[in-house]
Asks: 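Below is a structure I'd like to ask you about.
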Amino acid sequence: MPFSSLEGLRPRPGQPIVILTGAGISKESGLDTFRDADGIWSKVRIEDVATYEAFVRNPKRVHAFYNERRRGLLSPNIQPNAAHRALARLEREWEGGVTVVTQNIDDLHERAGTKALIHMHGELLKVECEHCRAVHEWREDLSRDVRCPDCSRAAGLRPHVVWFGEMPMEMERISALLSEAGLFVSIGTSGNVYPAAGFVSEARAHGTPSVELNLEPSEGASLFTHAINGPATQIVPAFVDDLLGR
Ligand code: BJW
(Lines give C-alpha, C1' and ligand atoms only; values in the text may rest on other atoms or scores of the structure.)
Protein backbone atom coordinates (compact mmCIF):
# COMPACT_ATOMS: atom_id res chain seq x y z
CA MET A 1 0.00 0.00 0.00
CA PRO A 2 1.58 3.36 -0.95
CA PHE A 3 2.11 5.62 2.04
CA SER A 4 0.23 8.45 0.33
CA SER A 5 -2.96 6.41 0.70
CA LEU A 6 -2.42 5.80 4.41
CA GLU A 7 -4.95 8.28 5.68
CA GLY A 8 -4.14 10.00 8.97
CA LEU A 9 -0.52 8.91 9.19
CA ARG A 10 1.46 11.85 7.87
CA PRO A 11 2.67 14.02 10.79
CA ARG A 12 2.31 17.78 10.58
CA PRO A 13 5.47 19.56 9.36
CA GLY A 14 7.62 20.23 12.39
CA GLN A 15 6.39 17.25 14.40
CA PRO A 16 9.10 14.80 15.47
CA ILE A 17 9.21 11.18 14.29
CA VAL A 18 10.41 8.25 16.43
CA ILE A 19 11.56 5.11 14.61
CA LEU A 20 12.16 1.76 16.32
CA THR A 21 14.32 -0.69 14.38
CA GLY A 22 15.06 -4.38 14.89
CA ALA A 23 17.09 -7.16 13.34
CA GLY A 24 14.92 -7.25 10.17
CA ILE A 25 16.40 -3.97 8.92
CA SER A 26 19.90 -5.49 8.91
CA LYS A 27 18.90 -8.86 7.44
CA GLU A 28 19.51 -7.78 3.83
CA SER A 29 22.94 -6.51 4.89
CA GLY A 30 23.81 -10.11 5.76
CA LEU A 31 23.21 -10.14 9.53
CA ASP A 32 20.97 -12.82 11.03
CA THR A 33 17.67 -12.04 12.76
CA PHE A 34 16.84 -13.81 16.03
CA ARG A 35 13.46 -15.50 15.71
CA ASP A 36 13.15 -16.31 12.01
CA ALA A 37 13.47 -20.01 11.08
CA ASP A 38 17.19 -19.58 10.30
CA GLY A 39 17.73 -16.99 13.06
CA ILE A 40 20.26 -16.84 15.88
CA TRP A 41 17.93 -18.47 18.43
CA SER A 42 17.58 -21.50 16.15
CA LYS A 43 21.32 -22.12 16.59
CA VAL A 44 22.03 -21.16 20.22
CA ARG A 45 19.85 -21.05 23.35
CA ILE A 46 19.08 -17.69 24.95
CA GLU A 47 19.87 -19.17 28.37
CA ASP A 48 23.39 -20.09 27.17
CA VAL A 49 24.45 -16.74 25.70
CA ALA A 50 22.08 -13.86 26.43
CA THR A 51 21.69 -13.63 30.21
CA TYR A 52 24.07 -12.39 32.89
CA GLU A 53 23.75 -15.80 34.59
CA ALA A 54 25.05 -17.46 31.41
CA PHE A 55 28.02 -15.06 31.39
CA VAL A 56 28.89 -15.83 35.03
CA ARG A 57 28.46 -19.58 34.48
CA ASN A 58 30.45 -19.80 31.25
CA PRO A 59 32.15 -16.54 30.18
CA LYS A 60 34.22 -18.35 27.55
CA ARG A 61 31.05 -19.51 25.77
CA VAL A 62 29.46 -16.05 25.87
CA HIS A 63 32.68 -14.32 24.73
CA ALA A 64 32.96 -16.81 21.83
CA PHE A 65 29.37 -16.00 20.76
CA TYR A 66 29.97 -12.24 20.72
CA ASN A 67 33.52 -12.53 19.29
CA GLU A 68 32.10 -14.38 16.30
CA ARG A 69 29.35 -11.80 15.79
CA ARG A 70 31.83 -8.90 16.18
CA ARG A 71 34.13 -10.44 13.55
CA GLY A 72 31.12 -10.93 11.28
CA LEU A 73 30.01 -7.31 11.66
CA LEU A 74 33.53 -6.09 10.85
CA SER A 75 33.89 -8.20 7.71
CA PRO A 76 33.97 -6.04 4.55
CA ASN A 77 30.87 -7.66 3.03
CA ILE A 78 28.60 -6.36 5.84
CA GLN A 79 27.47 -2.87 4.82
CA PRO A 80 24.44 -0.64 5.48
CA ASN A 81 21.60 -1.22 3.03
CA ALA A 82 19.04 1.00 1.29
CA ALA A 83 16.75 0.98 4.35
CA HIS A 84 19.50 2.27 6.70
CA ARG A 85 20.40 4.93 4.14
CA ALA A 86 16.77 6.00 3.67
CA LEU A 87 16.40 6.62 7.43
CA ALA A 88 19.56 8.73 7.43
CA ARG A 89 18.11 10.75 4.57
CA LEU A 90 14.83 11.19 6.44
CA GLU A 91 16.75 12.56 9.42
CA ARG A 92 18.57 15.06 7.19
CA GLU A 93 15.44 16.23 5.38
CA TRP A 94 12.54 16.03 7.88
CA GLU A 95 12.40 19.38 9.66
CA GLY A 96 10.61 18.17 12.78
CA GLY A 97 13.47 15.92 13.88
CA VAL A 98 13.86 12.15 13.62
CA THR A 99 15.23 9.83 16.31
CA VAL A 100 16.07 6.19 15.56
CA VAL A 101 15.81 3.91 18.58
CA THR A 102 17.45 0.65 17.59
CA GLN A 103 17.37 -2.72 19.32
CA ASN A 104 20.28 -3.73 17.09
CA ILE A 105 23.80 -3.87 18.45
CA ASP A 106 25.34 -3.48 14.99
CA ASP A 107 26.63 -0.09 13.79
CA LEU A 108 24.91 -0.01 10.39
CA HIS A 109 22.70 3.01 11.20
CA GLU A 110 25.80 5.05 12.14
CA ARG A 111 27.65 3.93 9.03
CA ALA A 112 24.65 4.97 6.90
CA GLY A 113 24.79 8.45 8.42
CA THR A 114 22.12 8.45 11.17
CA LYS A 115 23.13 10.84 13.95
CA ALA A 116 20.18 10.93 16.37
CA LEU A 117 20.42 7.30 17.44
CA ILE A 118 19.74 5.41 20.67
CA HIS A 119 21.14 1.88 21.03
CA MET A 120 18.67 0.60 23.62
CA HIS A 121 20.21 -2.93 23.69
CA GLY A 122 23.81 -1.71 23.59
CA GLU A 123 26.59 -1.91 21.01
CA LEU A 124 28.64 -4.87 19.81
CA LEU A 125 31.69 -2.65 19.17
CA LYS A 126 31.90 -1.53 22.81
CA VAL A 127 32.86 -3.26 26.05
CA GLU A 128 32.11 -2.34 29.63
CA CYS A 129 34.30 -2.99 32.68
CA GLU A 130 32.41 -4.58 35.56
CA HIS A 131 35.05 -3.27 37.98
CA CYS A 132 35.16 0.43 37.09
CA ARG A 133 32.15 0.71 34.73
CA ALA A 134 34.24 2.37 32.00
CA VAL A 135 32.93 1.81 28.46
CA HIS A 136 35.42 1.44 25.60
CA GLU A 137 35.22 1.08 21.84
CA TRP A 138 36.25 -2.50 20.99
CA ARG A 139 36.97 -4.25 17.69
CA GLU A 140 39.08 -7.20 18.88
CA ASP A 141 38.15 -10.57 20.37
CA LEU A 142 37.43 -10.44 24.09
CA SER A 143 38.35 -12.94 26.82
CA ARG A 144 38.68 -13.11 30.60
CA ASP A 145 42.43 -12.45 30.24
CA VAL A 146 42.02 -9.01 28.70
CA ARG A 147 42.64 -6.11 31.09
CA CYS A 148 40.52 -2.98 31.30
CA PRO A 149 42.32 -0.06 29.61
CA ASP A 150 41.11 2.20 32.47
CA CYS A 151 41.55 0.28 35.75
CA SER A 152 43.94 -2.44 34.44
CA ARG A 153 42.04 -5.21 36.18
CA ALA A 154 41.49 -8.50 34.32
CA ALA A 155 38.32 -10.61 34.01
CA GLY A 156 35.98 -7.63 34.20
CA LEU A 157 35.30 -6.76 30.58
CA ARG A 158 31.91 -7.77 29.15
CA PRO A 159 30.16 -7.00 25.86
CA HIS A 160 28.31 -3.67 26.18
CA VAL A 161 24.96 -5.30 25.39
CA VAL A 162 21.67 -5.69 27.26
CA TRP A 163 20.85 -9.29 28.15
CA PHE A 164 17.47 -10.65 29.28
CA GLY A 165 16.66 -9.43 32.78
CA GLU A 166 18.86 -6.33 32.38
CA MET A 167 17.50 -2.81 32.00
CA PRO A 168 17.62 -1.45 28.44
CA MET A 169 19.46 1.84 27.97
CA GLU A 170 18.01 5.38 27.93
CA MET A 171 14.44 4.33 28.76
CA GLU A 172 13.48 7.72 30.23
CA ARG A 173 14.69 9.55 27.16
CA ILE A 174 12.81 7.14 24.89
CA SER A 175 9.57 7.64 26.84
CA ALA A 176 9.96 11.41 26.57
CA LEU A 177 10.53 11.14 22.80
CA LEU A 178 7.46 8.90 22.41
CA SER A 179 5.32 11.39 24.32
CA GLU A 180 6.26 14.17 21.88
CA ALA A 181 6.20 12.22 18.61
CA GLY A 182 3.84 12.99 15.74
CA LEU A 183 4.47 9.54 14.25
CA PHE A 184 5.83 6.25 15.58
CA VAL A 185 7.40 3.87 13.04
CA SER A 186 8.52 0.29 13.78
CA ILE A 187 10.79 -1.48 11.27
CA GLY A 188 11.95 -5.11 11.14
CA THR A 189 11.13 -6.26 14.64
CA SER A 190 9.00 -9.22 15.72
CA GLY A 191 7.55 -7.40 18.73
CA ASN A 192 8.53 -10.24 21.04
CA VAL A 193 10.85 -8.43 23.41
CA TYR A 194 9.80 -5.86 26.01
CA PRO A 195 10.02 -3.00 26.71
CA ALA A 196 10.52 -2.22 22.97
CA ALA A 197 7.40 -4.24 22.09
CA GLY A 198 5.39 -1.87 24.30
CA PHE A 199 6.41 1.36 22.54
CA VAL A 200 3.48 1.13 20.12
CA SER A 201 1.07 1.04 23.09
CA GLU A 202 2.83 4.07 24.59
CA ALA A 203 2.41 5.91 21.28
CA ARG A 204 -1.26 4.88 21.17
CA ALA A 205 -1.82 6.18 24.68
CA HIS A 206 -0.63 9.60 23.44
CA GLY A 207 -2.92 9.38 20.39
CA THR A 208 0.11 9.13 18.09
CA PRO A 209 -0.39 7.32 14.76
CA SER A 210 1.89 4.33 14.22
CA VAL A 211 3.03 2.22 11.30
CA GLU A 212 4.71 -1.15 11.17
CA LEU A 213 7.12 -1.82 8.28
CA ASN A 214 7.99 -5.51 8.38
CA LEU A 215 8.48 -8.46 6.08
CA GLU A 216 5.23 -9.90 7.45
CA PRO A 217 2.75 -8.80 10.13
CA SER A 218 4.45 -9.12 13.55
CA GLU A 219 2.86 -10.45 16.74
CA GLY A 220 1.79 -6.95 17.71
CA ALA A 221 0.66 -5.89 14.23
CA SER A 222 -2.94 -5.21 15.33
CA LEU A 223 -1.70 -2.52 17.74
CA PHE A 224 -0.49 -0.33 14.87
CA THR A 225 -2.78 2.05 13.06
CA HIS A 226 -1.14 1.17 9.71
CA ALA A 227 1.05 -1.56 8.21
CA ILE A 228 3.29 -1.98 5.19
CA ASN A 229 4.74 -5.44 4.53
CA GLY A 230 7.72 -6.40 2.41
CA PRO A 231 11.55 -6.44 2.49
CA ALA A 232 12.99 -3.42 4.30
CA THR A 233 15.25 -2.42 1.39
CA GLN A 234 12.15 -1.92 -0.75
CA ILE A 235 9.47 -0.60 1.61
CA VAL A 236 11.58 1.75 3.75
CA PRO A 237 12.99 3.90 0.90
CA ALA A 238 9.50 4.09 -0.69
CA PHE A 239 7.96 5.07 2.67
CA VAL A 240 10.59 7.77 3.21
CA ASP A 241 10.03 9.12 -0.33
CA ASP A 242 6.29 9.36 0.37
CA LEU A 243 6.84 10.98 3.75
CA LEU A 244 9.09 13.63 2.21
CA GLY A 245 6.59 14.15 -0.63
CA ARG A 246 9.00 13.00 -3.37
C1 BJW B 1 12.36 -8.39 8.00
C2 BJW B 1 13.26 -8.79 7.06
C3 BJW B 1 13.47 -7.92 6.00
C4 BJW B 1 13.19 -10.35 8.46
N5 BJW B 1 12.81 -6.77 5.97
N6 BJW B 1 11.70 -7.23 7.93
C7 BJW B 1 6.87 -11.32 30.25
C8 BJW B 1 6.11 -10.28 29.79
C9 BJW B 1 6.69 -9.08 29.42
C10 BJW B 1 8.07 -8.91 29.51
C11 BJW B 1 8.82 -9.96 29.97
C12 BJW B 1 8.20 -11.13 30.35
N13 BJW B 1 9.16 -11.98 30.72
C14 BJW B 1 10.35 -11.38 30.62
C15 BJW B 1 10.16 -10.15 30.14
C16 BJW B 1 11.21 -9.15 29.87
C17 BJW B 1 12.10 -9.55 28.72
C18 BJW B 1 11.28 -10.00 27.55
O19 BJW B 1 10.75 -9.22 26.80
N20 BJW B 1 11.17 -11.28 27.34
C21 BJW B 1 10.33 -11.79 26.25
C22 BJW B 1 11.04 -12.92 25.55
C23 BJW B 1 8.96 -12.11 26.79
N24 BJW B 1 12.87 -8.35 28.43
C25 BJW B 1 13.98 -8.06 29.07
O26 BJW B 1 14.49 -8.82 29.87
C27 BJW B 1 14.56 -6.71 28.77
N28 BJW B 1 14.80 -6.02 29.97
C29 BJW B 1 13.81 -5.63 30.77
O30 BJW B 1 12.64 -5.89 30.58
O31 BJW B 1 14.25 -4.88 31.82
C32 BJW B 1 13.33 -4.56 32.85
C33 BJW B 1 13.69 -5.38 34.05
C34 BJW B 1 14.99 -5.54 34.44
C35 BJW B 1 15.31 -6.27 35.55
C36 BJW B 1 14.30 -6.88 36.27
C37 BJW B 1 12.98 -6.71 35.87
C38 BJW B 1 12.68 -5.95 34.76
C39 BJW B 1 15.90 -6.85 28.07
C40 BJW B 1 15.78 -7.45 26.72
C41 BJW B 1 17.16 -7.62 26.12
C42 BJW B 1 17.08 -8.27 24.74
N43 BJW B 1 18.39 -8.61 24.34
C44 BJW B 1 18.56 -9.16 23.00
C45 BJW B 1 20.04 -9.53 22.87
C46 BJW B 1 20.88 -8.23 22.79
C47 BJW B 1 22.26 -8.45 22.42
C48 BJW B 1 22.44 -9.28 21.18
O49 BJW B 1 22.08 -8.85 20.06
O50 BJW B 1 22.99 -10.36 21.34
O51 BJW B 1 18.20 -8.21 22.01
S52 BJW B 1 17.50 -10.54 22.62
C53 BJW B 1 17.24 -10.11 20.94
O54 BJW B 1 15.84 -9.80 20.73
C55 BJW B 1 18.02 -8.81 20.71
C56 BJW B 1 17.07 -8.04 19.88
O57 BJW B 1 17.38 -6.67 19.95
C58 BJW B 1 15.73 -8.41 20.46
C59 BJW B 1 14.56 -8.14 19.54
O60 BJW B 1 14.64 -8.93 18.39
P61 BJW B 1 14.15 -8.34 17.00
O62 BJW B 1 15.02 -7.24 16.58
O63 BJW B 1 12.71 -8.06 17.07
O64 BJW B 1 14.45 -9.58 16.03
P65 BJW B 1 13.51 -10.80 15.65
O66 BJW B 1 14.37 -11.83 15.01
O67 BJW B 1 12.69 -11.24 16.78
O68 BJW B 1 12.51 -10.19 14.55
C69 BJW B 1 12.97 -9.80 13.26
C70 BJW B 1 11.76 -9.34 12.43
O71 BJW B 1 12.24 -8.85 11.20
C72 BJW B 1 10.77 -10.46 12.11
O73 BJW B 1 9.45 -10.01 12.37
C74 BJW B 1 10.96 -10.71 10.62
O75 BJW B 1 9.76 -11.05 9.96
C76 BJW B 1 11.44 -9.36 10.16
N77 BJW B 1 12.29 -9.43 8.97
N78 BJW B 1 13.74 -10.06 7.42
C79 BJW B 1 11.90 -6.49 6.95
N80 BJW B 1 14.34 -8.24 5.01
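All ligand and atom numbering here is 1-based and tracks the order in the structure.
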Asks: Applying a 4.0 Å heavy-atom criterion (strictly less than), which segment of S218 is in contact with ligand 1: side chain, backbone, both, or neither?
Replies: neither
Asks: If you look at every heavy atom in C129 and C132, which pair is closest and at what distance?
Replies: SG-N, 3.4 Å
Asks: Where does L213 meet ligand 1, judged by heavy-atom distances below 4.0 Å: at the side chain, the backbone, both, or neither?
Replies: neither
Asks: Please work out whether any backbone atom (N, CA, C, O) or any side-chain heavy atom from C-beta onward of Q103 is under 4.0 Å from ligand 1, and answer side chain, backbone, both or neither.
Replies: both
Asks: Does the pair H63 and F55 meet the rule for a ring pair (Phe, Tyr, Trp, His ring centres under 6.0 Å), with working shown?
Replies: CA-CA 8 Å; H63 279 315; F55 183 58; 5.3 Å; yes
Asks: Would you tell me which option among M171, K27, E28 has the nearest heavy-atom contact to atom 80 (N) of ligand 1?
Replies: E28
Asks: Distance below 4.0 Å between atom 14 (C) of ligand 1 and any protein heavy atom?
Replies: no
Asks: Please find the pair of heavy atoms, one from H136 and one from C148, that lie closest to each other, and give the distance.
Replies: NE2-SG, 4.4 Å
Asks: Is G39 in contact with ligand 1, taking contact as a heavy-atom separation below 4.0 Å?
Replies: no
Asks: Does ligand 1 have any atom that is closer than 4.0 Å to a heavy atom of A50?
Replies: no
Asks: If you count every heavy atom of other residues, nucleotides or ligands that lies below 6.0 Å from R246 atom CZ, does the total exceed 12?
Replies: yes
Asks: Look at atom 27 (C) of ligand 1 and find which of Y194, W41, F164 reaches it with the closest heavy atom.
Replies: Y194
Asks: For atom 38 (C) of ligand 1, state whether the nearest protein heavy atom is under 4.0 Å away.
Replies: no
Asks: Going by heavy-atom distance to atom 2 (C) of ligand 1, choose the closest among A23, G191, G24.
Replies: G24
Asks: Classify the ring geometry of W163 against Y66: parallel below 30°, tilted from 30° to 60°, perpendicular beyond 60°.
Replies: tilted
